[in-house]
Enquirer: 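Handing you this structure, nothing more for now.
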Amino acid sequence: MNAEIKRLHSPDIHDLELYQPEVPEKFGFLLQVMVGPEGVDGEESFDIEVCTPKWLEETYGMNEVVIGRHHLIVREYNYQKIADTIQDFLRECTGESWIEVAEKGSRLGKWEFEDYID
């Protein structure tokens with residue numbers, strides 16, 4: 001089974017393809033990557049903080065230690081490059097079941113069912 005991006009969404013940005021940050025070298029926003037099994041209806045959210053090093057510096061300070069899980073650190077905003085990088089990562093997320101695939105995908109973004117216990 002393979003993962004497939006169904007769509008990219010941000011509650012912070014109306015149009016991701018046309019977005020231009022006010023300060024190009026310093027921005028951060030939540031990107032929700034909606035992913036599901038390839039060729040099958042349905043999607044689940046994987047949340048990623050897309051940000052620049054300067055945004056991290058300003059947000060956390062120079063003396064903080066930041067664990068970078070669920071962050072995609074970029075030098076500039078380039079929608080296509082971000083989308084391609086995520087697609088390339090997810091292309092490597094394969095498995096026998098959707099759970100196995102999604103757990104691999106959760107290394108990139110926080111899966112909405114991460115740590116869920118039935």
Side-chain angles (χ1 to χ4, degrees):
M1 180 173 287
N2 298 313
E4 175 180 61
I5 294 177
K6 306 295 183 171
R7 62 192 172 93
L8 300 177
H9 167 76
S10 176
D12 304 321
I13 298 170
H14 175 69
D15 188 332
L16 287 164
E17 290 187 58
L18 297 178
Y19 173 66
Q20 291 298 314
E22 287 183 36
V23 182
E25 67 278 356
K26 186 176 67 180
F27 65 87
F29 65 90
L30 174 63
L31 178 64
Q32 295 176 302
V33 183
M34 307 308 288
V35 180
E38 187 175 47
V40 178
D41 287 340
E43 60 188 26
E44 296 175 4
S45 178
F46 292 77
D47 295 351
I48 304 168
E49 187 72 35
V50 177
C51 60
T52 62
K54 287 188 180 193
W55 179 89
L56 282 169
E57 215 173 90
E58 184 175 287
T59 302
Y60 294 102
M62 291 293 290
N63 297 320
E64 296 295 321
V65 175
V66 178
I67 297 173
R69 188 160 189 225
H70 303 145
H71 285 69
L72 186 63
I73 303 165
V74 299
R75 296 278 177 197
E76 63 183 3
Y77 185 78
N78 180 316
Y79 173 81
Q80 197 58 57
K81 189 182 284 189
I82 291 168
D84 290 347
T85 298
I86 293 168
Q87 182 59 57
D88 290 346
F89 181 90
L90 290 174
R91 193 172 288 119
E92 301 298 320
C93 298
T94 62
E96 295 298 317
S97 69
W98 172 245
I99 298 294
E100 191 178 330
V101 172
E103 285 176 347
K104 291 176 182 178
S106 71
R107 295 174 186 147
L108 176 65
K110 181 166 177 27
W111 178 32
E112 67 180 288
F113 295 108
E114 193 170 315
D115 299 327
Y116 173 78
I117 299 172
D118 190 14

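Just so it is clear, the model here is predicted, and its values are computed rather than measured. Starting from 1, each residue takes its place in the sequence as its number.
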Enquirer: Check whether E49 reaches the backbone of L72 with its side chain - one donor and one acceptor, N or O, closer than 3.5 Å.
Expert: no

Enquirer: Counting only N and O atoms by type, is there a donor-acceptor contact under 3.5 Å from the side chain of S106 to the main-chain atoms of G109?
Expert: no

Enquirer: Report, as yes or no, whether the 6.0 Å neighbourhood of atom NZ on K26 holds more than 12 heavy atoms from other residues, nucleotides or ligands.
Expert: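 12 or below, so no.
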
Enquirer: In this structure, would L31 and W55 fall into the same cluster of hydrophobic residues linked by side-chain contacts under 4.5 Å?
Expert: no

Enquirer: Would you sort out whether W98 and E44 count as a side-chain contact (heavy atoms from CB on, under 4.5 Å), showing the intermediate values?
Expert: CA-CA 11 Å; W98 172 245; E44 296 175 4; 3.0 Å; yes

Enquirer: Checking side-chain contact (heavy atoms from CB on, under 4.5 Å) for the pair F89/V33: CA distance, chi angles, key distance, verdict?
Expert: CA-CA 12 Å; F89 181 90; V33 183; over 6 Å; no

Enquirer: Within this structure, what is the CE-CD distance for the pair M62 and E57, rounded to the nearest 0.5 Å?
Expert: 4.5 Å

Enquirer: Can you tell if the side chain of I73 reaches within under 4.5 Å of the side chain of P53, non-hydrogen atoms only?
Expert: yes

Enquirer: Once you round to the nearest 0.5 Å, how far does CD of Q32 lie from CG of D47?
Expert: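 With rounding to 0.5 Å, CD (Q32) is 4.5 Å from CG (D47).
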
Enquirer: Does the distance from a Lys or Arg side-chain N to an Asp or Glu carboxylate O, for R69 and E114, drop under 4.0 Å?
Expert: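 E114 and R69: salt-bridged.
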
Enquirer: Roughly how far, to the nearest 0.5 Å, is the CZ atom of R7 from the CG atom of L16?
Expert: 11.0 Å

Enquirer: Under 3.5 Å, is there a donor-acceptor pair between the side chain of K104 and the main chain of T94?
Expert: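 Yes, because the side chain of K104 sits within donor-acceptor range (under 3.5 Å) of the backbone of T94.
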
Enquirer: Taking T52 for the side chain and E25 for the main chain, is one N or O donor matched with an acceptor at less than 3.5 Å?
Expert: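 Side chain of T52 to backbone of E25, a donor-acceptor pair under 3.5 Å: yes, one is there.
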
Enquirer: Of all the heavy-atom pairs spanning E100 and G95, show the shortest one and how long it is.
Expert: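 E100 and G95 have their closest heavy atoms at OE2-CA, 3.5 Å.
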
Enquirer: Considering all heavy atoms of both residues, which atom of P21 and which atom of F27 are nearest to each other, and what is their separation?
Expert: CG-CD2, 3.5 Å

Enquirer: Rounded to the nearest 0.5 Å, what's the gap from CD1 on I86 to NZ on K81? Could you check?
Expert: 13.5 Å

Enquirer: Treating Ile, Leu, Val, Met, Phe, Trp and Tyr as nodes and any side-chain heavy-atom pair under 4.5 angstrom as an edge, say whether L56 and V74 lie in one connected cluster.
Expert: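 No.
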
Enquirer: Give me the atom names and distance for the closest heavy-atom approach of G42 to P37.
Expert: O-CD, 4.5 Å

Enquirer: Pick out which of L108, I82, L8 makes a side-chain contact (heavy atoms from CB on, under 4.5 Å) with I48.
Expert: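 That would be L108.
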
Enquirer: Is it the case that atom NZ in K110 sees more than 12 heavy atoms from other parts of the structure closer than 6.0 Å?
Expert: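 Yes.
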
Enquirer: Check this for me: D41, atom CG, are more than 12 non-hydrogen atoms of other residues, nucleotides or ligands nearer than 6.0 Å?
Expert: no

Enquirer: Check step by step if side-chain contact (heavy atoms from CB on, under 4.5 Å) holds for Y77 and F29.
Expert: CA-CA 11 Å; Y77 185 78; F29 65 90; 3.6 Å; yes

Enquirer: Is M1 reachable from M34 through a run of hydrophobic residues whose side-chain heavy atoms are each under 4.5 Å from the next?
Expert: no

Enquirer: Could you state the interatomic distance from NE2 (H9) to CD (E43), rounded to the nearest 0.5 Å?
Expert: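 H9 NE2 to E43 CD: 10.5 Å, rounded to 0.5 Å.
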
Enquirer: Between Y79 and Y19, is the ring centre distance below 6.0 Å?
Expert: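 Between Y79 and Y19, the centre distance exceeds or equals 6.0 Å.
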
Enquirer: Taking atom types as modelled and ignoring hydrogens, do the side chains of E103 and W111 form a donor-acceptor contact shorter than 3.5 angstrom?
Expert: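 Their side chains do not contain a donor-acceptor pair, so the 3.5 Å distance test is not met.
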
Enquirer: Check G105 against C93 and note the closest heavy-atom contact, atom names and distance.
Expert: N-SG, 3.7 Å

Enquirer: What do the steps show when you test C51 against H71 for side-chain contact (heavy atoms from CB on, under 4.5 Å), and what is the final call?
Expert: CA-CA 7 Å; C51 60; H71 285 69; 3.9 Å; yes

Enquirer: Say you draw a straight line from OG1 of T85 to CG of L90; how long is it, rounded to the nearest 0.5 Å?
Expert: 11.0 Å

Enquirer: So does L30 get a backbone contact from the side chain of S10, meaning a donor-acceptor N/O pair under 3.5 Å?
Expert: yes

